[in-house]
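Sending over a structure as structure tokens; questions will come in a sec.
We name chains A, B, ... by the order of the sequence lines, and we start the count at 1 in each one. As a basis for the values below, the full set of heavy atoms in this structure was taken, side chains included, without hydrogen atoms, waters or symmetry mates. In this text, all values refer to a predicted model and were calculated from it rather than measured experimentally.
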Amino acid sequence: MKTFYLTTAIDYVNGSPHLGHAYEKVLSDVIARFRRLMGDKVWFLTGTDEHGQKVQQSARKHGVDPQTFVDSVSNEFRVLCTKLEISNDDFIRTTEERHKRVVRRILQQLFDKGEIYQADYKGFYSTRQEQFLQDKDRNPDGSWPEIFGEVTEITETNYFFKLKAYQEWLVEHIRTHEDFIIPRYRAKQVLEFLKEPLNDLCISRPRERLEWGIPLPFDEKFVTYVWFDALLNYYSAVADKPDIWPATFHVIGKDILVPPHAVYWPIMLQAAGLPLPRSLLAHGWWSINGTKMSKSTGNFIDAGNYCDTYGVDALRYFLIREMSVGQDSDFSQAQFLARYTNELANNLGNLVNRTLNMTNRFAGATVPGVEVEEAPEADLRALWVKTRDEAVALHESFQFHVALERTFAFITATNAYIELRAPWKLGKSSDPKDQALLKTSLATMAEALRLGVTLLAAVMPGTTRKIHGVLGYTPGAVWAEELVWSNRLTGCKVAATAILFPRPTA
RNA sequence: GCCAGAGUAGCUCAGUGGUAGAGCAGAGGACUCAUAAGCCUUUGGUCGGCGGUUCAAUCCCGCCCUCUGGCACCA
């Protein structure tokens, strides 16, 4: 079986993680967990991108050497992954030797094949900003803005990668591989971009301008440009592991689809003679209270705080429930609280608690067996089959938000079933028929709850685990079997009470 | 300017060539096992605008309007 190999973008360690980083990891994690549940062999990679000028500058600003700086920030991302319960199998850093070794190897290989050549670049250079400027950087009157200081036209020797030679091939590949770029409409954007002729890509920087990078193996006076270094992480992390490459999905933000992932990356692989990934999955961005996320306005969300206050699964749930994959969404405290209170606390959380309570009160804390089956039971069961089949299919097509909506509709139906049977009334009757119905209703609500939360396992693994725990249940290894309505809870000893999503106090 | 996405109930969104849907918010009710939770009922929309195709369009086509995002070698 081909390993399902999934990657997130590696995060640039120039700044601390925010909600956007958290979302991409959670989204990827949901995919990874879902594939494992479906029985696939999964390899899930994330990591950090640590070279380049901005990192070098930030390190200098903090008065530390680059390695100390990236160690510290990379660790923040690692901590975030742990906090979000991301199930990655590996975490790669581009400053690791295992990565640098592969980058050097590929560069040498491409150079030997003649895919990389040396040429001069002539342009306007700002010494203060340590970068070349574009015409779009100019003021309307043609002068250079103050922040660039003195600008001079200079010529610099560099190495270039032959992108242009692969342009037609790439267009053809995108046209003939319909799921290479997801969502589909993003592929149109890429093809639009490719209507203009590509230029070859400059992949080097002279070391006197940029020290913090991987030296070119064929010319140590240069280091490689950040994209050529960073993109290769997907391959370098598994280069020595059999049967993993190529990637099944690269999960990335829409901002780095064009040109890096949809143009540079496939061409790099093709030139190096490596197989291409199956798909690039480009997700959207979060705004905060209707405005763009930005550090300068202080308008960004610390995902860690939400985990601490509401629990990691509440945040995971909101991110996945609110965002339609590929589209943008807005994060607001009001919307978060509405979903937390209505859906998690009142609908699901309360169902858990009332189920435990009634099982304790009317059945000595032991889930009874079903004794009769009438229309209410049959209806709920039929709804379950429909919900399960739809939810699984929706997961397959990345419509997690709709899958969650359907799953919670089933939770609501379970609450409605309880009202219909009203076990608290049956419990007051000694009529054998009522007693049979009481046992049936307690067994049915427990089973419905078990099934419903089993369907939430990819999004809220901890919650699924906890609820199975308070039901006194240990799930089996095969998820598909766990999704079958059964009597396997009969005889389970349930907990006395459980408040999984406490109502916010403030 | 070009390209793409979005424009459906107060809010967030789903949806199909055949008399409009969900959740939340609002209103009313019955109940009490439960996290003052849950359940039932209900108010509410000329489906952005104008044309066209069709027996029939929110859904197909054309034009227009509004919002959002992208438009690279940041060498």
Side-chain angles (χ1 to χ4, degrees), chain A residues 53-54 119 121-126 129 131-134 136-137 154 156 158 160-161 163-164 183-206 209-210 225-227 254-260 262-264 284-285 287 290 292 321-322 324 326-330 332 334-335 337-339 341-362 399 401-402 405-406 408-409 411-428 438 441-442 445 497-504:
Chain A
Q53 182 169 282
K54 285 179 184 167
Y121 180 87
K122 189 172 167 189
F124 291 93
Y125 185 75
S126 157
Q129 291 294 320
Q131 62 173 248
F132 277 90
L133 305 176
Q134 302 300 305
K136 67 177 182 185
D137 294 323
I154 62 171
E156 188 173 284
N158 263 308
F160 291 79
F161 173 55
L163 269 193
K164 198 186 179 97
R184 189 84 58 84
Y185 70 81
R186 294 273 175 211
K188 286 190 203 164
Q189 283 185 0
V190 178
L191 289 170
E192 194 64 29
F193 174 79
L194 288 169
K195 280 182 182 167
E196 297 296 314
L198 287 172
N199 292 321
D200 288 345
L201 179 68
C202 178
I203 60 151
S204 68
R205 299 290 183 279
R209 280 216 289 120
L210 179 63
Y225 169 57
V226 65
W227 276 118
K254 63 180 186 179
D255 54 315
I256 51 172
L257 179 65
V258 185
V263 179
Y264 302 160
W285 278 23
S287 59
K292 212 169 166 179
R321 176 65 186 83
E322 191 73 11
S324 170
Q327 305 276 349
D328 292 345
S329 270
D330 186 57
S332 72
Q335 185 72 353
L337 275 181
R339 290 208 184 279
T341 306
N342 290 313
E343 296 167 18
L344 295 179
N346 295 351
N347 199 356
L348 175 59
N350 187 51
L351 172 63
V352 172
N353 207 36
R354 67 198 302 216
T355 298
L356 297 183
N357 237 283
M358 284 187 270
T359 306
N360 275 279
R361 192 140 152 181
F362 302 119
Q399 296 177 270
H401 63 305
V402 187
E405 184 201 297
R406 299 292 155 81
F408 272 75
I411 302 286
T412 294
T414 304
N415 273 314
Y417 166 81
I418 294 173
E419 301 294 328
L420 195 59
R421 282 308 191 192
W424 51 92
K425 281 183 189 160
L426 298 169
K428 288 173 188 158
L438 174 62
S441 61
L442 292 173
M445 72 176 80
T497 185
I499 302 294
L500 282 107
F501 302 100
R503 290 179 68 83

Distance, C1' atom - from B/G38 to B/A30, rounded to whole angstrom: 13 Å
Candidate pair A/L344 and A/F408, rule side chain to side chain contact (heavy atoms under 4.5 Å, CB included), full reasoning:
CA-CA 9 Å; A/L344 295 179; A/F408 272 75; 4.0 Å; yes
Any heavy-atom pair between the side chains of A/N347 and A/F501 that's under 4.5 Å?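 No, side chains not in contact.
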The dot-bracket string of RNA chain B, counting Watson-Crick and G-U wobble pairs with both distances under 3.5 Å, using [ ] for crossing pairs and | for pairs to another strand, is (((((((..((((.......)))).((((.........)))).....(((((.......))))))))))))....
Whether A/R361 contacts B/C33 is assessed here as follows: a side-chain N or O lying under 4.0 Å from the phosphate OP1 or OP2. Is that the case?
yes
A/K195 meets the salt bridge (Lys or Arg N to Asp or Glu O under 4.0 Å) criterion, sequence neighbours left out, with A/E192
A/F501 CZ to B/G38 C1', in whole Å, measures 17 Å
The complete set of salt bridge (charged side-chain N to carboxylate O under 4.0 Å, His left out) pairs with one or both residues in residues 344-355 of chain A, sequence neighbours excluded, reads A/R354-A/E419
**Message:** Can you measure A/L348 atom CG to B/A34 atom P for me and round it to whole angstrom units?
**Reply:**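 Distance, rounded to whole Å: 18 Å.
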From CG of A/L257 across to P of B/C3 the rounded distance in Å is 19 Å
Q: Establish whether the base of B/A34 is bridged to the side chain of A/N357 by a donor-acceptor pair shorter than 3.5 Å.
A: no
Distance check needed: B/G5 C1' versus A/R184 CZ, whole Å only.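 Value for this atom pair: 16 Å.
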Worksheet item: Any chance CH2 of A/W285 has more than 12 other-residue heavy atoms, nucleotides or ligands included, within less than 6.0 Å?
Response: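 Not buried by this count: 12 neighbours or fewer within 6.0 Å.
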Problem set entry | side chain to side chain contact (heavy atoms under 4.5 Å, CB included) assessment of A/E322 paired with A/H401 | CA-CA 6 Å; A/E322 191 73 11; A/H401 63 305; over 6 Å; no
Restricting to non-hydrogen atoms, name the atom on A/L442 and the atom on A/T359 that form the minimum distance, rounded to 0.1 Å.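 Smallest heavy-atom distance, with atoms named: CD2-N, 4.2 Å.
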### Query
Can you find a pair of side-chain heavy atoms, one from A/R186 and one from A/L257, that are under 4.5 Å apart?
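In contact.
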- Message: Does B/U35 have its OP1 or OP2 closer than 4.0 Å to a side-chain nitrogen or oxygen of A/N353?
- Response: yes
field: Sugar-phosphate, base or nothing in reach of A/A345, heavy atoms under 4.0 Å
entry: base
Q. How is A/T412 classified with respect to the nucleic acid when contacts are heavy atoms under 4.0 Å: base, sugar-phosphate, or nothing?
A.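 Sugar-phosphate, backbone atoms only, no base.
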Exercise. When rounded to the nearest Å, what value does the distance between C1' atoms of B/U58 and B/C2 take?
Worked result: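 To the nearest whole Å, 29 Å.
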A/K425 has a side chain; which of B/C39, B/A34, B/C31 sits nearest to it?
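Minimum distance to the A/K425 side chain belongs to B/C31.
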Looking only at atom C1', what distance separates B/A9 and B/A22, rounded to whole Å?
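Rounded to whole Å, the distance is 11 Å.
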note: A/N346, atom CG; B/A37, atom C1'; distance rounded to Å ~ 5 Å
A/W424 CH2 to B/C39 P, in whole Å, measures 11 Å
Do the side chains of A/I411 and A/E343 get nearer than 4.5 Å, heavy atoms only? no
Between A/V402 and A/G349, who's closer to the 5' end of RNA chain B by nearest nucleotide?
->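 So the residue in question is A/V402.
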Would you call A/N158 and A/P206 a side-chain contact if the rule is heavy atoms closer than 4.5 Å? yes
- Message: When the C1' atoms of B/G70 and B/G28 are compared, how many Å lie between them, rounded to an integer?
- Response: 50 Å
- Check whether any side-chain heavy atom of A/M358 lies under 4.5 Å from a side-chain heavy atom of A/S441, and answer yes or no.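 SC-SC contact between A/M358 and A/S441 ruled out.
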Residue set satisfying side-chain contact (heavy atoms from CB on, under 4.5 Å) with A/K164, at least two apart, ordered chain then number -> A/P197, A/D200
Tabulate atom names and distances for all N/O pairs under 3.5 angstrom spanning the protein and nucleotides 22-25 of chain B.
from	atom 1	to	atom 2	distance (Å)
B/C24	O3'	A/N342	ND2	3.3

Rounded to whole Å, CZ of A/F408 lies from P of B/C39 at a distance of 13 Å
Original post:
Rounding to the closest angstrom, what is the interatomic distance between B/C31 and B/G44 at atom P?
Top reply: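 To the nearest whole Å, 28 Å.
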I'd like the C1' distance from B/G29 over to B/A6, given in whole Å.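 About 40 Å, rounded to a whole number of Å.
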In whole angstroms, the gap separating C1' of B/C33 from CD1 of A/I499 amounts to 13 Å
Open item on the list: Using the P atom as the point on both nucleotides, what is the distance between B/C59 and B/G18, in whole Å?
Closed with: 11 Å
Taking only nitrogen or oxygen atoms into account, show me every contact under 3.5 Å that the protein makes with nucleotides 68-75 of chain B, one pair per line with its distance.
from	atom 1	to	atom 2	distance (Å)
B/A72	N6	A/P197	O	3.3
B/C73	OP1	A/K136	NZ	3.4
B/C73	O2	A/D200	O	3.2
B/C73	N3	A/N199	ND2	2.4
B/C73	N4	A/N199	ND2	2.5
B/C74	OP2	A/Y225	OH	3.0
B/C74	O3'	A/F132	O	3.4
B/C74	O2'	A/Q131	OE1	3.3
B/A75	OP2	A/F132	N	2.8
B/A75	OP2	A/F132	O	3.1
B/A75	N6	A/Y121	O	3.4
B/A75	N1	A/N158	ND2	2.4

* Rounding to the closest angstrom, what is the interatomic distance between B/G17 and B/C61 at atom P? ->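 B/G17 and B/C61 have their P atoms separated by 13 Å.
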For the residue pair A/T497 and A/N357, confirm or rule out a side-chain donor-acceptor distance under 3.5 Å. no
